[in-house]
K.L.:
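Below: one structure in structure tokens.
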Amino acid sequence: MATIGILAVQGAFREHADVLRSLGSDCFEIRNARDLGRPMDGLVLPGGESTVQGKLITDLGMGDALRSMIRDGLPVFGTCAGMILLAERIDDGHVAHLATMPIAVRRNAYGRQLGSFSATGSFGPLDGVPLEFIRAPVIESVGDGVHVLTEHGGHTVAARYGNQLVTSFHPELTGDTRVHRYFLDMVSGRRTAAGN
Ligand code: GLN
């Protein structure tokens, strides 16, 4: 069984745990630097408010450890604010947070107030995936080695770079578990490669 650590300083972390547990994973919440010492096979960075999460990560002394775990290949899934945390560049002048993924993102790309809506689209080979956007960012440009998984309305809204997976939308809120399954396949791929 895979063990997934979920960043739980702010935002929609419980919903991810519910989905991942329903798929047979073991989950624990990461609330401080000590929690990062617990063994994990994968990491989830949930939606919420990236400025708040980024500040808490720094204030709680978690930034360097998270960055090196991700750079060492720990599979990570960032949704919405979590995607912003992983981006190397943020358009509105905000300093990048973990900056492990060569993408540039634009925050609140659909507007702040009326920016929440539902759609359906493909995600890599999967069709008819519900896309739930809540004050969502979009990916404006991708660097070498980044694979686009979902485009919607002319924007890139899901992508993968090695073991880093990001979505602008919130698969944890839709009842369709296929995106989480895709992430767990990434996790088991790494465990197999590591001989665990
Ligand atoms: N607008 C938020 C931000 O910039 C992200 C919204 C979300 O995670 N649902 O951090």
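Whatever order the structure lists ligands and atoms in, that order sets their numbers, starting from 1. Below, each value reflects all heavy atoms present in this structure, side chains not excepted, and no hydrogens, waters or symmetry copies.
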K.L.:
Stepwise, does the side chain to side chain contact (heavy atoms under 4.5 Å, CB included) test hold for Val76 with Met69?
P.N.:
CA-CA 9 Å; Val76 58; Met69 289 158 73; over 6 Å; no

K.L.:
In order of chain and number, which residues sit within 4.0 Å of ligand 1 by heavy atom?
P.N.:
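For ligand 1, the contacting residues are Gly47, Gly48, Glu49, Ser50, Cys80, Ala81, Ile84, Arg107, Asn108, Ile134, Arg135, His170.
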
K.L.:
How far does CD1 of Ile4 sit from CG of Leu20, to the nearest 0.5 angstrom?
P.N.:
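So the CD1 of Ile4 and the CG of Leu20 are separated by 6.0 Å.
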
K.L.:
Just by distance, no angles: are the side chains of Glu132 and Ser118 close enough, under 3.5 Å, to form a donor-acceptor pair?
P.N.:
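The answer is yes; a qualifying pair exists.
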
K.L.:
Can Glu49 and Arg135 be counted as an ion pair, charged N to O under 4.0 angstrom?
P.N.:
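A salt bridge links Glu49 with Arg135.
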
K.L.:
Please tabulate, one pair per line, all N/O donor-acceptor pairs under 3.5 Å involving side-chain atoms of residues 147-165, not counting sequence neighbours.
P.N.:
unit_1	atom_1	unit_2	atom_2	d
Thr150	OG1	Ser122	O	2.8
Arg160	NE	Gly162	O	2.8
Arg160	NH1	Tyr182	OH	3.1
Asn163	ND2	Gly73	O	2.8
Gln164	OE1	Thr100	OG1	2.8
Gln164	NE2	Thr100	O	3.1

K.L.:
Measure from the side-chain N and O atoms of Asp41 to the backbone N and O of Ala2, and report whether any donor-acceptor pair falls under 3.5 Å.
P.N.:
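Side chain of Asp41 to backbone of Ala2: no pair is present.
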
